[in-house]
Amino acid sequence: MNDIPRRVWLEIDLDTLVDNYRKISEAVAPCVVLAVLKANAYGLGVLPIAEALAQAGATSFGVAEPHEALQLLPLGKPVQILSSILPDEIEPMVEAGVTLPITDSVTAARISAAAVRHGTTATAHVKLDTGMGRLGILAQEALPVIEQAAALPGLRLEGIFSHFPYAYQTGSELTDNQMDTFCAIVEQAAARGIHFAKRHIANSDAINNFPRACRAPFNQVRTGINLHGSFDTAGRRTLHVSPVLTLKTRLTAIRTLPAGTGIGYGHTYRLHHATCVGTVSAGYADGLPLALSNRGYLLIHGVPCPVIGRLSMDYTTVSLESVPEAQVGDEVVCLGGTGIHALTVEDWAALKNTHPYEIICSFGNRVQRRYLSRA
Ligand SMILES: Cc1ncc(COP(=O)(O)O)c(C=O)c1O
């Protein structure tokens with residue numbers, strides 16, 4: 001039973017992903033790259049991706065929460081929880097050796113106490129809120145908290161970091177101000193004898209739009225979406241990374257329907273003339289944006305086939321007028337492909353009026369993740 005092929009699958013090209021990682025590493029050197037693999041590597045499946053990156057020499061991984069950290073620890077690379085840690089998560093994370101964020105003095109004290117209880121030294125990065133307005137220590141409060149944390153037993157302040165809300169906007173004043181604030185705090189801490197081995201602020205947007213975020217005093221960047229060959233829709237694309245994703249399915253029915261036939265829920269499309277239509281085995285449950293309805297196309301034999309009618313949970317209907325040779329069972333490319341008709345994550349994001357992150361994170365549960373690699 002288990003060898004029945006899946007109807008919808010997402011091909012993740014690990015060779016391209018590794019190539020992207022290497023290109024990013026070269027572009028930001030001497031900064032090192034922390035691969036951000038939170039949310040199951042943006043929904044693509046964290047372990048195969050992390051293993052490929054580890055083999056390619058990735059030095060460390062960033063995640064959002066403890067369960068994601070635990071999954072990656074067996075790879076033997078430092079794993080860092082970005083952004084926040086809850087009180088009852090501290091003890092097991094310290095015991096496991098996960099690098100933790102310090103977002104306030106109470107958290108610093110709790111991490112220290114847990115480390116002392118376990119007879120270990122916890123590694124932590126001070127998280128500054130220089131303008132994101134989400135998490136971290138406000139600039140004006142940073143120095144006393146850092147000094148207090150630096151004096152705590154069992155706590156090694158390995159790093160200091162912050163995050164940008166606007167780095168997709170080339171020349172944004174706020175982004176420059178955030179870096180000024182960050183550098184001032186690093187200098188003030190250094191004047192008090194507190195030195196951070198790792199200093200990082202750049203995400204993918206900043207790597208592309210703010211070269212300053214990849215130069216001293218910064219010596220690490222955190223990238224997620226660029227690893228997948230995607231970019232924020234706004235801003236520059238200075239990295240030459242390539243898309244890693246292809247979403248595929250199959251044609252499940254081919255019928256010639258008479259003129260006047262209404263297609264799908266709401267009959268939002270009506271055939272002008274007798275038309276050969278194909279029903280494709282993927283819908284919004286698989287991550288296809290509803291916005292493809294009557295506007296997008298899918299590729300069959302490399303030929304764009306317009307979506308007609310409203311796509312539904314499991315099926316999408318296309319016109320097959322341009323591919324009369326299509327057969328039931330043929331492969332359909334929903335996203336990806338090559339040549340001028342290739343469909344990118346950014347295309348779908350624009351169509352859906354969202355950002356590429358939501359597209360990548362929205363492939364459905366039943367979509368099989370297939371990892372391609374020549375290795
Ligand atoms: C703190 C932090 N750093 C880095 C990243 C990576 O962002 P990106 O995928 O844009 O590179 C994220 C993701 O949202 C993040 O929350």
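Hydrogens, waters and symmetry mates are skipped; everything else that's a heavy atom, side chains included, is used. Remember, it's 1-based here, ligands and their atoms both numbered in the order they're listed.
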field: Tyr21: which of Thr16, Leu227, Val241 passes side-chain contact (heavy atoms from CB on, under 4.5 Å)
entry: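 With Tyr21 as partner, side-chain contact (heavy atoms from CB on, under 4.5 Å) holds for just one option, Leu227.
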
Should [X] be counted as touching ligand 1, given the test is an N or O pair under 3.5 Å?
X      : result
Lys127 : no
Asn203 : no
Leu82  : no
Ser83  : no
Asp205 : no

Please work out which of [options] has its closest non-hydrogen atom nearest to [atom].
atom                   : options                : value
atom 1 (C) of ligand 1 : His228, His355, His163 : His163
atom 8 (P) of ligand 1 : Ser230, Ser162, Ser204 : Ser204
atom 3 (N) of ligand 1 : Met132, Arg222, Arg134 : Arg222

field: Heavy-atom donor-acceptor pair, Asp286 side chain to Leu288 backbone, under 3.5 Å
entry: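 No; zero donor-acceptor contacts below 3.5 Å.
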
task: Give me the ring orientation class for Tyr269 and His272: parallel if the planes are under 30° apart, tilted from 30 to 60°, perpendicular past 60°.
output: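 The arrangement is perpendicular - the two ring planes meet at more than 60°.
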
- prompt: Near Arg255 CZ, under 6.0 Å, is it more than 12 heavy atoms from other residues, nucleotides or ligands?
  reply: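 Open: at most 12 neighbouring heavy atoms sit under 6.0 Å from CZ of Arg255.
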
query: Does the separation of the ring centres of His200 and Phe218 fall below 6.0 angstrom?
result: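 No: the rings miss the under 6.0 Å criterion.
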
message: Against ligand 1, does Tyr357 come closer than 4.0 Å with any heavy atom?
response: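 Tyr357 counts as a contact of ligand 1 under the 4.0 Å cut-off.
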
message: Please list the nearest protein heavy atom to atom 13 (C) of ligand 1 with its residue and the distance rounded to 0.1 Å.
response: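 The closest one turns out to be Lys38 NZ, 2.9 Å.
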
- prompt: Which protein non-hydrogen atom lies closest to atom 6 (C) of ligand 1, naming both residue and atom, and how far is it?
  reply: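 It is Tyr42 OH, 3.6 Å.
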
